[in-house]
Amino acid sequence: MSRLVVVSNRVAKMDSSNTGSQGGLAVGVMAAMGKAGGLWFGWSGKVENRDDIEPKIETQGNIDYATVSLKTAEYNLYYKGFANSVLWPLFHQRPDLMMYDANDYRGYLEVNEKIAKHLLPLLRPDDTIWIHDYHLIPLGKMLRDAGVTSPIGFFLHTPFPPLDLLRTVPDYKDILLSLMSYDLVGFQTQADYRGFYMSVTYGLKGKALPGDRYEYQGYSCTAGVYPISIETDALRGVGKTGEASEEFKRLHYSLADRQLIIGVDRLDYSKGLEQRLLAYERLLRKYPEFLRSAVYLQIAPTSRGDVEAYKDLAKKIDRHVGHIVGTYADFDWVPLRYLNRGFRRNTILAMYNLASVGYVTPLRDGMNLVAKEYVAAQNPDDPGVLVLSEMAGAAAELDAAVHVNPYDIEGITQGLNKALKMPKEERKERWQSMMDVLKRRDIHYWQESFLKDLSAAPHGD
Ligand code: F6P
């Protein structure tokens with residue numbers, strides 16, 4: 001059987017360093033890798049200004065981890081620059097936050113070359129290579145150009161933008177050609193797939209052929225939709241272990257009989273936190289019955305705190321939080337608890353189970369595994385309600401959630417009000433319908449279907 005080689009900017013280890021703040025990719029790929037085993041290559045998360053750096057290799061269970069560090073300039077151009085100040089805002093439909101600099105693109109390519117250089121000696125002829133996310137789009141072509149003949153697939157965890165937005169990056173044709181160098185390119189939703197289809201056919205004037213094949217001047221690839229998911233069956237059990245944690249016990253005790261609304265997001269402008277806070281404030285204003293009877297817990301670990309747009313966001317959110325607490329808190333009750341740090345996953349899952357409402361309202365999101373995990377963590381006899389943005393990839397599958405438009409403050413307030421008052425029978429029906437989907441299409445289904453299609457896809461050599 002062929003060995004699976006996963007390459008992603010972040011790698012997640014199975015040890016206690018898993019604080020739950022890594023986001024969707026780390027959680028999803030960890031679950032998939034845990035089953036198949038193999039080699040996981042990525043950035044160590046360290047910035048070190050040394051020249052002699054070889055990958056650090058470490059084995060945990062059935063996974064060999066190989067990681068490299070970045071130098072300060074590489075980190076600035078590749079991670080802070082092109083990945084998170086160009087591709088991230090653009091792919092999340094925020095060209096207004098894009099800070100383009102051609103040097104950053106050069107740095108992005110150089111780090112991809114560096115990863116290719118360190119990965120090549122570790123590869124075997126029978127490997128299946130699976131590259132993840134917007135940081136590493138050019139890597140597949142670099143490996144092919146270096147003579148790798150294994151199947152190489154790519155999965156994009158973020159949304160893919162419509163052509164009109166993609167065109168705002170001067171290098172968009174290179175990006176499309178890099179994507180077309182993979183044997184299989186996977187997207188989260190039909191909307192993302194459509195963006196790619198339009199970009200290849202109109203942007204490049206390439207051909208779309210039967211069987212989801214694309215061709216353009218010697219480049220060819222297959223593309224498809226593979227919504228990432230979760231370890232549905234295991235999560236209730238994992239959540240149970242979190243009930244022993246000090247944090248969970250203190251939260252539980254402090255709530256008394258109040259209804260808990262929970263939000264868990266990296267502190268990112270794509271998550272719609274401002275609108276979410278405004279909608280909660282409106283709920284307290286319009287429906288005073290929730291004063292003292294509800295509590296909103298927002299966990300939002302700081303993310304990319306050295307990128308300007310994230311610093312601005314943190315200041316704005318601090319102001320909204322201060323305003324809500326100052327206006328509505330009493331001596332013995334605060335309406336909102338806001339925590340800028342991450343917690344272990346089992347603790348978070350236990351907290352999901354405690355919450356009457358999962359509050360997930362991104363302005364744009366590739367999938368959003370918090371939404372799926374919230375559902376899977378519920379008690380079947382008394383489940384909570386998911387209030388979910390229509391703009392999250394997860395909305396396509398979780399159609400029994402209370403859907404809201406994340407820009408419509410009044411609509412979100414109404415969604416919260418409905419969720420907090422929903423009768424048990426309706427909650428159970430909605431939950432069951434979402435669980436049916438999550439059981440059918442779990443993380444293992446995601447991995448198996450992608451890898452099956454990758455092995456069947458015609459591949460370049
Ligand atoms: O595509 C989403 C993702 O790659 C997730 O892993 C996570 O949500 C985020 O982006 C990664 O954030 P960071 O910049 O901290 O690696």
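Only heavy atoms go into these numbers, but all of them, side chains included; no hydrogens, no water, no symmetry mates. Ligands are counted one by one from 1 in listed order, and the atoms in each one are counted from 1 as well.
Residues satisfying the side-chain contact (heavy atoms from CB on, under 4.5 Å) criterion with S303, sequence neighbours excluded, are R266.
The contact set between ligand 1 and D133, taken as ligand atoms under 4.0 Å from a residue heavy atom, comprises 1 (O), 2 (C), 3 (C), 4 (O). Which parts of ligand 1 touch H157 is read off a 4.0 Å heavy-atom cut-off, strictly below it: atoms 1 (O). Taking every heavy atom of R10 and a limit of under 4.0 angstrom, the matching atoms of ligand 1 come to 13 (P), 15 (O), 16 (O).
Between N9 and ligand 1, no N or O atom pair is found at a separation short of 3.5 Å. Considering both main-chain and side-chain atoms, S303 never comes within under 3.5 Å of ligand 1 through any nitrogen or oxygen pair.
Ring centroid separation for the pair F187 and Y226 does not come in under the 6.0 Å cut-off.
Considering all non-hydrogen atoms of both residues, A300 and N340 come closest at O-ND2, 3.0 Å. Of all heavy-atom pairs spanning Y108 and H135, the tightest one is CE1-O, 3.0 Å.
Residue contacts with ligand 1, taken as heavy atom pairs separated by less than 4.0 Å, do not involve F155 at all.
Looking at K80, H92, R304 and measuring to atom 9 (C) of ligand 1, the nearest heavy atom belongs to R304.
The one candidate from F155, F154, F160 that meets the ring pair (Phe, Tyr, Trp, His ring centres under 6.0 Å) condition with H157 is F155.
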Which pairs of donor and acceptor atoms, one on a side chain in residues 385-399, lie under 3.5 Å apart (sequence neighbours left out)?
residue, atom, partner, partner atom, Å
S389, OG, P362, O, 2.6
S389, OG, M391, N, 2.8
E397, OE1, K372, NZ, 2.7

